[in-house]
Amino acid sequence: MMNMNNIMKQAQKLQKQMEKSQKELAATHFTGQSAQGLVTATFSGDKQLQSIDFKPEVVDPEDLETLQDMTLQAVNDALQQINQATEKSMGAFAGKLPF
């Protein structure tokens, strides 16, 4: 059985590793795209929207619904990428818990 001192040291080490991974993830950019890449949305890893870009051919004043749908696709795609990267990065720590 591990003594409490060793458990605390391992927990502190793990916490520092997790903080480093969170900072690295926050500094990473994720770009989601709509169908045919007509709309792109870029987020930082901490889910802050950095930019939304529209290709000129998608901008039709007569069809705003398509632009809205494509914007949602791009945003959701980027957020899904962040969630997957977070799960992969932070999930690695679950097996390292000393208790």
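Residue indices begin at 1 and follow the sequence shown. None of the values given here were measured: they were computed from a predicted structure.
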Among Thr40, Leu38, Thr71, exactly one meets side-chain contact (heavy atoms from CB on, under 4.5 Å) together with Phe54. Which residue is that? Thr71
Do the side chains of Leu72 and Leu79 join up, straight or via other hydrophobic residues, at under 4.5 Å, putting them in one cluster? no
Using the rule given for side-chain contact (heavy atoms from CB on, under 4.5 Å), can you reason through Gln12 versus Ile7, listing the C-alpha separation, both sets of side-chain angles and the distance that settles it, and then say yes or no? CA-CA 9 Å; Gln12 288 172 343; Ile7 291 174; over 6 Å; no
Criterion side-chain contact (heavy atoms from CB on, under 4.5 Å) on Lys13 and Gln17, from CA distance to verdict: CA-CA 6 Å; Lys13 181 180 176 183; Gln17 290 173 336; 3.8 Å; yes
What's the spacing between Leu25 CG and Met18 CE if we round to 0.5 Å? 11.5 Å
Tightest non-hydrogen contact, residues Gln81 and Gly32, listed as NE2-CA, 3.9 Å
With sequence neighbours excluded, tell me which residues meet side chain to side chain donor-acceptor pair (under 3.5 Å) with Glu19. Gln15
In terms of heavy-atom contacts, does CD of Glu65 have more than 12 from other residues, nucleotides or ligands at under 6.0 Å? no
Report yes if the side chains of Lys16 and Lys20 come closer than 4.5 Å at any heavy-atom pair, otherwise no. no
So, Asp77 side chain and Gln73 main chain: donor-acceptor pair closer than 3.5 Å or not? no
Taking atom CG of Asn3 and atom CE of Met8, what is their separation to the nearest 0.5 Å? 11.5 Å
Evaluate the criterion side-chain contact (heavy atoms from CB on, under 4.5 Å) for residue pair Val39 and Lys55; output intermediate values, then yes/no. CA-CA 6 Å; Val39 178; Lys55 298 276 176 146; over 6 Å; no
CZ/Phe30 to CG/Asn83 distance, rounded to the nearest 0.5 angstrom? 9.5 Å
Supply the atom-to-atom distance Ile52 CD1 to Gln50 CD, rounded to the nearest 0.5 angstrom. 11.5 Å
Rounding to 0.5 Å, atoms CD1 (Ile82) and OG (Ser89) come to a distance of 13.0 Å
Restricting to side chain to side chain donor-acceptor pair (under 3.5 Å), what partner residues turn up for Thr42, sequence neighbours left out? Thr31
Determine whether a donor-acceptor pair (N or O, by modelled atom type, separation under 3.5 Å) exists between the side chain of Gln36 and the backbone of Ser34. no
For Thr66 and Asp69, test the side chains for any donor-to-acceptor distance below 3.5 angstrom and give the result as yes or no. no
